[in-house]
Amino acid sequence: MEHQQGGQGPGQYQLPGCYRHQDRETGIRCTRCERPICPECMIAASVGYQCPECVRGGSGTGHSAGASRPRTIAGGTMVGDTRLVTKVLLAINVTVFVAVLATGRDLVEQLAMLGLARADGPFDPFSPPEMLGVADGEWYRLITSAFLHQEFWHIGFNMMALWFLGPPLEAALGRARFLTLYLLSALGGNVLTYWLMAQNVMSLGASGAIFGLFGATAVLMRRMRYDMRPIAVLLGVNLVITFVPGLNIAWQAHLGGLIVGAIVAYAMVHAPRERRALVQWGACALLAVLLVTLTIARTINLLG
């Protein structure tokens, strides 16, 4: 039996009932699903009103569910665990290190950064020598070498730095942006190594990526107007150690990672809010294209 309110006579237009309270007539509809809603069910949105179900299923603003979540300074989504990516990267490095301990030098020779070198084995004068390295098509070395360590002190130092620098950057940038920063820094360090180091000398380690985090931390601290002296001193000490003779440190990887990390971080934290994602990911894409182009140019140079 239908209930009428307001003394409406036969033939008069009757308002629909609220989809949750059928006995309550209403002229308001949800701006998303267009179901009729009464004053009790109305939830104000940026435009009009929405029903409780649409609010629970989205952001309550007419946008996607994540549109109104709190954002980091770089536009990343706020998450509970701001060390997840850092822990995953650390775990990968440690796992590869254990694999190196188990397999010996073979894995190092397969994954380390190497421009172009002749493979070990007897020389056959009737066929060209077998070659190894990025220039011979082993481009994966530009990334795999950044997860490769041989000595305990080497992985210990790099992982300590990753644990110290990673979480604050991951919290400030968001997971996807932080991972992009890390990988581009590692790639940038190895590309500069590819250009400036002797082509038949191997290099390995996460130092390029770590120096990228140093550069990014400096950019972020300046953006937040924090005291720059602690990071300046720490970075200065590490740069001095990098160029100490006799330590066999690939300064090219450190310098390349530092430059790329600073560039990526600058694009991340200084991008205008209204075009933030476009500027951030566009800058990263252009930087990646530049690094790939430099790699191709160096390969042509070595094989020419």
Side-chain angles (χ1 to χ4, degrees), residues 66 69-97 99 111 113 139-149 155 157-193 204-221 223-224 231 253-254 256-271 275-292 295:
R69 291 177 184 170
R71 295 284 173 174
T72 68
I73 187 175
T77 303
M78 300 287 287
V79 294
D81 185 0
T82 59
R83 300 185 176 198
L84 178 62
V85 176
T86 301
K87 289 185 284 191
V88 170
L89 290 171
L90 195 150
I92 294 173
N93 277 277
V94 172
T95 300
V96 175
F97 179 66
L111 301 181
M113 178 59 205
W139 286 37
Y140 59 86
R141 293 176 180 269
L142 292 165
I143 293 296
T144 57
S145 60
F147 294 92
L148 192 64
H149 301 83
I155 190 171
F157 178 83
N158 282 338
M159 294 305 98
M160 182 177 64
L162 174 58
W163 189 249
F164 174 74
L165 297 169
L169 284 169
E170 186 175 343
L173 302 180
R175 290 172 178 170
R177 290 167 176 81
F178 173 69
L179 180 60
T180 301
L181 165 71
Y182 188 92
L183 294 178
L184 281 178
S185 298
L187 179 60
N190 280 328
V191 169
L192 193 61
T193 298
L204 65 160
S207 301
I210 297 302
F211 266 75
L213 301 188
F214 273 120
T217 299
V219 171
L220 177 63
M221 291 183 69
R223 171 67 174 80
M224 300 294 291
I231 188 64
H254 291 195
L258 178 66
I259 294 171
V260 171
I263 293 173
V264 172
Y266 190 90
M268 293 290 186
V269 301
H270 287 281
R275 299 189 304 276
R276 184 158 52 192
L278 176 63
V279 172
Q280 290 172 340
W281 297 116
C284 290
L286 288 175
L287 191 55
V289 169
L290 174 61
L291 293 174
V292 170
T295 302

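Bear in mind the structure is a predicted one, so any value in this text is a computation, not a measurement.
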Could you give the distance from [atom1] ([X]) to [atom2] ([Y]), rounded to the nearest 0.5 Å?
X	Y	atom1	atom2	value
Met160	Ile155	CE	CD1	12.5 Å
Asn190	Ser185	CG	OG	11.0 Å
Leu183	Leu142	CG	CG	12.5 Å
Arg175	Thr77	CZ	OG1	9.5 Å
Leu173	Leu179	CG	CG	11.5 Å

*Kindly state whether the ring of Phe97 and the ring of His149 have centres lying under 6.0 angstrom apart.*
no

Without swapping roles, check the side chain of [X] against the backbone of [Y] for a donor-acceptor pair under 3.5 Å.
X	Y	result
Thr193	Ala253	yes
Thr72	Ala172	yes
Arg177	Ala74	yes

How about [X] and [Y]: do any of their side-chain heavy atoms sit closer than 4.5 Å?
X	Y	value
Ile263	Leu287	yes
Phe211	Ile259	no
Arg83	Trp163	yes

*asked:* Taking side chain to side chain contact (heavy atoms under 4.5 Å, CB included) as the definition, give me every residue that meets it alongside Leu169, ordered by chain and number, with sequence neighbours left out.
replied: Phe178, Leu181, Leu213, Ala216, Thr217, Leu220

*Given side-chain contact (heavy atoms from CB on, under 4.5 Å), test Phe157 with Ile210 step by step and report yes or no.*
CA-CA 10 Å; Phe157 178 83; Ile210 297 302; 5.7 Å; no

*Let me see the working for Leu204 and Met113 under side-chain contact (heavy atoms from CB on, under 4.5 Å), right down to the final yes or no.*
CA-CA 6 Å; Leu204 65 160; Met113 178 59 205; over 6 Å; no

Where is the tightest heavy-atom contact between [X] and [Y], given as atom of each residue plus distance?
X	Y	value
Thr180	Cys284	CG2-SG, 3.8 Å
Gly166	Thr86	C-OG1, 3.5 Å
Ala262	Val219	O-CG2, 3.7 Å

*Could you please spell out the steps behind the side-chain contact (heavy atoms from CB on, under 4.5 Å) verdict for Asp81 and Glu170?*
CA-CA 10 Å; Asp81 185 0; Glu170 186 175 343; 6.0 Å; no

*side chain to side chain contact (heavy atoms under 4.5 Å, CB included) with His270: which of Arg276, Arg223, Gln280?*
Arg223

*Hey, what's the ring geometry for Tyr182 with Phe147, parallel, tilted or perpendicular (30° and 60° as the breaks)?*
tilted

*Could I get the full list of salt bridge (charged side-chain N to carboxylate O under 4.0 Å, His left out) partners for Arg141, not counting sequence neighbours?*
Glu138

*If you count the non-hydrogen atoms of other residues, nucleotides and ligands that lie under 6.0 Å from CZ in Phe164, is the total more than 12?*
no

*Check the pair Leu162, Met159 against side-chain contact (heavy atoms from CB on, under 4.5 Å), reporting the backbone distance first and the verdict last.*
CA-CA 5 Å; Leu162 174 58; Met159 294 305 98; 4.1 Å; yes

